[in-house]
2 protein chains.
Amino acid sequence: MDIEKLRREYTPMSETAFYILLSLVEERHGYGIMQYVDGLTGGRIRLGAGTLYGSLSRMEKDGVIEAAGEEERRKLYRISGIGREILKIEIMRLGELYQNGMKLWEGIS
Amino acid sequence: MDIEKLRREYTPMSETAFYILLSLVEERHGYGIMQYVDGLTGGRIRLGAGTLYGSLSRMEKDGVIEAAGEEERRKLYRISGIGREILKIEIMRLGELYQNGMKLWEGIS
DNA sequence: GATGATTATATCACGTGATGATATATCATT
DNA sequence: AATGATATATCATCACGTGATATAATCATC
């Protein structure tokens with residue numbers, strides 16, 4: 001699947017998908033992602049099992065993330081090269097939304 | 001519907017919903033929103049009729065936006081008090097995502 | 001060593017909402 | 001009068017996030 005098609009399918013992405021992808025900038029296994037996101041967001045986001053493993057399967061199938069070994073009960077993943085490009089685009093998109101939001105918000109206090 | 005329930009149902013909100021709500025910081029009619037968002041995003045986001053009028057109906061039903069008069073063929077809307085609270089929360093959420101994204105992104109260049 | 005909490009992954013059914021397509025009508029311009 | 005822009009509305013579809021449920025191993029602790 002080419003990058004342009006992936007960009008269309010993955011951006012805008014959901015908050016949970018974003019944090020899953022962001023977590024995998026370093027190698028992690030599913031459960032580790034849960035805990036990491038929990039910590040990163042101060043407990044605001046608690047990933048459900050369905051959300052997490054569903055997303056992981058889809059992302060691996062599409063090559064946005066890739067397997068990075070398997071140790072006893074754990075499957076390790078990491079973000080792929082294409083995944084990194086998608087993530088970059090998504091971060092920029094979020095920046096645009098935030099900037100536009102702040103700009104207009106300040107007009108009404 | 002109380003604010004807490006609305007917050008649950010509206011955040012995180014989609015990119016299109018965000019821009020629709022943001023547009024209504026000033027009074028606008030549906031078609032005007034289309035053009036405004038088009039301009040604000042440099043043509044990146046072109047709202048489809050289905051997306052727009054569907055969202056508008058839902059948002060008015062829930063009291064996130066309110067009718068602001070009707071002139072010939074146009075129905076004017078504006079954001080409501082509760083809508084403003086929701087929008088504020090959403091902008092803060094976007095800020096969090098963006099900050100976390102940038103923070104981790106810089107670690108990998 | 002039994003019990004309960006935590007670690008760890010997987011699958012399924014459900015609902016919701018975004019989207020594209022389609023329809024309708026008016027208005028301005030050529 | 002024909003075309004394109006203005007303006008709103010509805011409908012079917014589809015993908016995705018979510019919660020529930022299941023399974024099992026490991027760990028702490030009593």
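Each chain gets a letter, A, B and so on, in the order the sequences are listed, and its residues count up from 1. Bear in mind the structure is a predicted one, so any value in this text is a computation, not a measurement.
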### Message
Taking any heavy-atom pair under 4.0 Å as a contact, classify R74(B): base, sugar-phosphate, or nothing.
### Response
sugar-phosphate
### Message
Give the residues of residues 36-71 of chain B touching DNA chain D, defined as any heavy atom closer than 4.0 Å, sorted by residue number.
### Response
A49(B), G50(B), Y53(B)
### Query
Who passes salt bridge (charged side-chain N to carboxylate O under 4.0 Å, His left out) against E71(B), sequence neighbours left out?
R74(B)
### Query
Looking at residues 4-31 of chain A, who's got a heavy atom less than 4.0 Å off DNA chain C?
H29(A), G30(A), Y31(A)
### Set of side-chain hydrogen bond (donor to acceptor under 3.5 Å, both in side chains) partners for R7(A), sequence neighbours left out
E4(A)
### Query
Are R78(B) and E26(B) close enough for a salt bridge, meaning some N to O gap below 4.0 Å?
no
#### Entry: Positive for side-chain contact (heavy atoms from CB on, under 4.5 Å) with I20(A), one of I79(A), V64(A), V37(A), L47(A)
L47(A)
### Task
Check for a donor-acceptor pair, side chain of T11(B) on one end and backbone N or O of E90(B) on the other, with a separation under 3.5 Å.
no
### Task
Answer yes or no: is there a side-chain heavy-atom contact under 4.5 Å between L52(A) and T16(A)?
no
Which side-chain N or O atoms in residues 54-61 of chain B pair as donor and acceptor under 3.5 Å with protein atoms at least two apart or in another chain?
residue	atom	partner	partner atom	Å
S55(B)	OG	T51(B)	O	2.9
S57(B)	OG	Y53(B)	O	3.0

#### Entry: Leading and trailing nucleotides of DNA chain D with any atom under 4.0 Å from heavy atoms of chain B
dT6(D) to dT10(D)
### Query
Has Q35(A) got a side-chain N or O lying under 4.0 Å from the OP1 or OP2 atom of dT6(C)?
no
